[in-house]
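In what follows, a single structure is set out as structure tokens and then discussed.
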Amino acid sequence: MPVPVPRQRAIPAVESGQAQAAPTAGGPSEEETVRNEATKAENHTTHDDNDTHGTALDATPADGVHPGVATTGTITTGASNPGGSTTGVNTTGVSTTGVSTAVVSTTGVSSTGVATAAHTTLTLLLIEDDPTAAPIVHDLLDADGRPIRVRTARNLTEAERLLTHDVHCILLDLALPAPGRAGESDDELAVLRHVLRLAPRHAVLALTASGDAGRGAEAVRVGAQDYLYKDELDGRLLSRAIRYAVERKRSDTAERRLAEGKLRAQENARLERGLLPTPLLEGSPLRFAARYRPGRSRALLGGDFYDIVRTPDGTVHAMIGDVCGHGPDEAALGVELRIAWRALTLAGLCGDELLSTLQQVLEHERDDDEIFATLCTVDIAPDGRRAGLCLAGHPAPLIARPDRPARLLPYENNGPALGLLPGARWPRMQVELGAEWSLMLYTDGLIEGRIGEGRERLGQDGMVEMIRRQLSEGLSGEALLRAAVNEVRELNGGELTDDVAVVLLDRVATR
């Protein structure tokens with residue numbers, strides 16, 4: 001019997017050549033494809049190789065680091081593998097103003113945003129209370145002429161059992177009743193809404209009665225990829241509709257991931273501006289450099305923070321801190337502590353009074369009573385020759401002078417970390433700096449990396465020896481910090497597990 005010519009709307013993207021179904025022969029096995037699709041749906045993370053250069057995240061290719069967040073505010077999100085291919089969404093050029101250009105690079109998705117079918121046999125799940133009413137469904141072929149596998153379910157209960165990750169498309173009869181809605185007519189698309197909730201990652205084709213174009217169009221608006229008249233099915237057109245629906249679903253998924261990546265990049269940019277401040281050093285002869293590297297894999301930001309301001313009396317105040325743990329919550333808490341420190345410092349507080357107030361801020365803002373933060377504060381006198389030092393469970397700064405080897409400042413009166421002991425006190429130590437010096441503040445991520453394959457760590461002594469050698473090689477300022485962080489990473493045999501923040505202040509004697 002000749003097949004009637006269908007009167008439903010055409011499949012425009014396929015018919016016009018705007019979207020082409022790629023060949024499905026060869027390639028990974030069905031199990032591998034299912035596993036890859038699940039991985040793609042979950043992995044939308046940010047890249048981990050991001051540095052701070054000055055007051056922004058550095059993206060210097062010479063460091064062996066992929067482009068990250070640079071001084072222009074560019075942000076990269078996505079997960080890059082060592083081979084250079086990318087799974088997920090890469091957005092480049094996202095500025096702090098939210099203006100961006102983007103490139104989508106998703107396995108199975110072309111650069112135009114139109115997906116390319118995976119090289120595997122397509123599987124169709126038909127949800128129809130009378131599957132024999134549409135026998136042509138069992139004679140479907142893919143683009144290479146191979147049969148499309150068909151599973152049939154008479155109701156949504158059976159469909160839920162048969163809906164596995166290897167199903168590429170669902171062919172749904174809109175006349176089926178939705179669970180718990182038998183006999184109700186207030187929502188004629190209730191069954192479709194239920195299937196979309198049940199299978200949010202699958203392509204869906206809606207089957208509707210002949211001539212019911214309004215219901216079909218509404219089904220597409222709700223979330224189906226297309227609609228067909230179930231009493232006018234054509235095998236060739238249905239095969240193409242299935243392939244088109246799968247491609248369109250992948251393209252929609254890629255676009256959604258791109259939008260999520262842009263939003264995530266903009267949120268990280270706002271957090272970055274809070275965590276990595278612009279130093280307030282106007283009028284000071286001191287030179288400033290900083291470097292920042294989050295330790296969490298694929299992270300943009302960690303729990304380390306720093307700041308530096310000059311008060312009206314000419315005193316330069318510097319601070320560096322570390323919130324225990326890694327991730328956005330710790331980074332947000334670090335931002336709060338940094339802002340509180342700047343406000344309290346500009347208000348005239350320093351030493352024990354300032355740290356006691358910061359502890360109160362921490363105790364009120366943390367989500368867990370076990371969260372604590374280490375802190376190092378330095379207030380440098382207007383003449384630049386002496387400073388006050390307070391340590392709250394934090395490593396002592398390193399000082400380097402032309403007339404003697406680099407060494408650590410005294411740390412015998414190191415007080416407890418913020419948030420550990422109620423009513424704690426933090427003594428302020430007076431230290432002599434001299435006429436010309438370099439003062440380096442750092443977090444413990446710089447000294448806790450391993451040396452080689454054993455359990456031995458670099459430690460403070462190893463760091464001091466490393467800085468002495470690099471200073472003897474003529475390194476200073478930003479170049480010194482870059483070399484230090486890179487060498488620590490190389491000694492560790494790869495990325496550090498903890499965040500690293502380093503601040504360097506230099507005073508050059510006037511002639």
Side-chain angles (χ1 to χ4, degrees), residues 3-16 18-19 21 115 122-140 148 150-160 162-163 167-253 255-256:
V3 178
V5 177
R7 295 194 299 272
Q8 70 270 25
R9 68 182 180 89
I11 312 300
V14 173
E15 298 284 57
S16 64
Q18 296 177 11
L122 292 177
T123 300
L124 174 72
L125 175 60
L126 171 64
I127 308 177
E128 162 69 69
D129 57 357
D130 184 13
T132 59
I136 200 169
V137 170
H138 297 279
D139 299 322
L140 302 176
I148 296 176
V150 179
R151 299 176 184 174
T152 57
R154 295 179 180 273
N155 51 55
L156 295 181
T157 302
E158 289 185 13
E160 187 171 359
L162 297 174
L163 186 61
V167 172
H168 298 88
C169 184
I170 298 172
L171 189 59
L172 173 66
D173 184 0
L174 296 180
L176 286 174
R181 304 187 67 89
E184 298 183 15
S185 59
D186 55 333
D187 186 359
E188 59 182 7
L189 296 179
V191 64
L192 173 61
R193 300 181 195 276
H194 180 84
V195 169
L196 292 175
R197 289 192 298 268
L198 189 67
R201 299 175 184 170
H202 292 74
V204 177
L205 284 172
L207 288 176
T208 186
S210 178
D212 195 358
R215 190 179 188 183
E218 181 67 11
V220 173
R221 188 192 66 80
V222 168
Q225 272 59 60
D226 210 336
Y227 70 91
L228 300 168
Y229 298 145
K230 63 181 178 181
D231 52 348
E232 296 182 357
L233 289 179
D234 172 85
R236 178 171 172 269
L237 182 60
L238 178 57
S239 297
R240 293 193 308 184
I242 292 171
R243 296 197 303 271
Y244 166 70
V246 172
E247 300 299 318
R248 181 175 176 182
K249 183 64 176 181
R250 288 175 178 165
S251 179
D252 292 344
T253 299
E255 291 179 2
R256 186 186 72 251

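A salt bridge is absent between E218 and R215: the closest approach of a Lys/Arg side-chain nitrogen to an acidic carboxylate oxygen does not fall below 4.0 angstrom.
Counting heavy atoms from C-beta outward, I170 and I127 have side chains that approach closer than 4.5 Å. Using a 4.5 Å cut-off on side-chain heavy atoms (C-beta onward), L174 and E188 make no contact. Using a 4.5 Å cut-off on side-chain heavy atoms (C-beta onward), I242 and L124 make contact. Side-chain contact check for L207 versus L126: some heavy-atom pair is nearer than 4.5 Å. Counting heavy atoms from C-beta outward, C169 and V204 have side chains that stay 4.5 Å or more apart. E128 has its side chain out of reach of T152: every pair of non-hydrogen atoms, C-beta onward, lies at least 4.5 Å apart. Using a 4.5 Å heavy-atom threshold, the side chains of L205 and Y227 count as separate. Put simply, the side chain of V167 does not reach to within 4.5 Å of the side chain of L162, judged on heavy atoms.
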Steps toward side chain to side chain contact (heavy atoms under 4.5 Å, CB included) verdict (L238, L228): CA-CA 8 Å; L238 178 57; L228 300 168; 3.2 Å; yes
V222 vs L196, side chain to side chain contact (heavy atoms under 4.5 Å, CB included): CA-CA, chis, key distance, verdict: CA-CA 9 Å; V222 168; L196 292 175; 3.8 Å; yes
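Here the side chain of H168 pairs no donor or acceptor atom with the backbone of H202 at under 3.5 angstrom. A distance-only check finds a donor-acceptor pair linking the side chain of T253 to the backbone of K249 [under 3.5 Å]. A donor-acceptor contact shorter than 3.5 Å links the side chain of R248 to the backbone of Q225. Under the 3.5 Å distance criterion, the side-chain polar atoms of N155 are matched with a main-chain donor or acceptor of E158.
A pairwise comparison of heavy atoms in L156 and P177 identifies CD1-O, 4.2 Å as the closest pair. Of all non-hydrogen atoms in L125 and A153, the two that sit nearest each other are CD1-CB, 4.4 Å.
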